[in-house]
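Just below is one structure, and these are the notes that go with it.
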Amino acid sequence: MRRLLTASLLLASLAAQAQSPAVKVDDPWVRATVAPQKSTGAFMQLTAAKAAKVVAASSPVAAMVEIHEMKMDDGVMKMRAVEVLPLPAGQAVALKPGSYHVMLMGLKNPIKAGETVPLTLTLEGEDRQRTTLEIKATAR
Ligand SMILES: [Cu+2]
């Protein structure tokens, strides 16, 4: 009986750990679209407990998802895809309009305000272990 109890307590604590991800996601949102717009951006704030990087992104609503960066280049705002988005330990990284964003391309349907858009980010830690982070972003 006692052993059983210990085992279930252990399981409970493992479950609790799995529920507290190493990366905290704040205020995830997606810019709503109108047809015939085929792409949009997703924004959020990511804070990693331990240094990690975002290496991939996906969503069932888009054919292709990339991590983009916007930068002023010779007075012109340019957008480009980045291979990785570094998340320094304990530092909030903002994905926001005019900066880093998750680019959703080849949208299957227009994204209506209020809709929930699922996103999956693939993270890689310094130990090269990959984990996925499921995000529910609200369209607005
Ligand atoms: Cu973009």
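Source: prediction; values computed, not measured. For ligands, and for the atoms within them, numbers begin at 1 and follow the listed sequence.
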The side chain to side chain contact (heavy atoms under 4.5 Å, CB included) partner of M44 among V93, D26, V102 is V102
When V117, V61, T138 are each screened for side chain to side chain contact (heavy atoms under 4.5 Å, CB included) with V30, the one that passes is V117
Is there a side-chain contact between L133 and T120 in this structure, where contact means two heavy atoms from C-beta onward sitting under 4.5 Å apart? no
Side chains of P97 and R31 in contact at under 4.5 Å (non-hydrogen atoms): yes
Angle class for the F43/H101 ring planes (parallel below 30°, perpendicular above 60°, tilted otherwise)? tilted
With the threshold set at 4.0 Å, does a side-chain nitrogen-carboxylate oxygen contact exist between K50 and D127? no
Give every protein N, O or S atom lying under 2.8 Å from the Cu ion (ligand 1), naming each by residue and atom. H68 ND1, M79 SD, H101 NE2, M103 SD
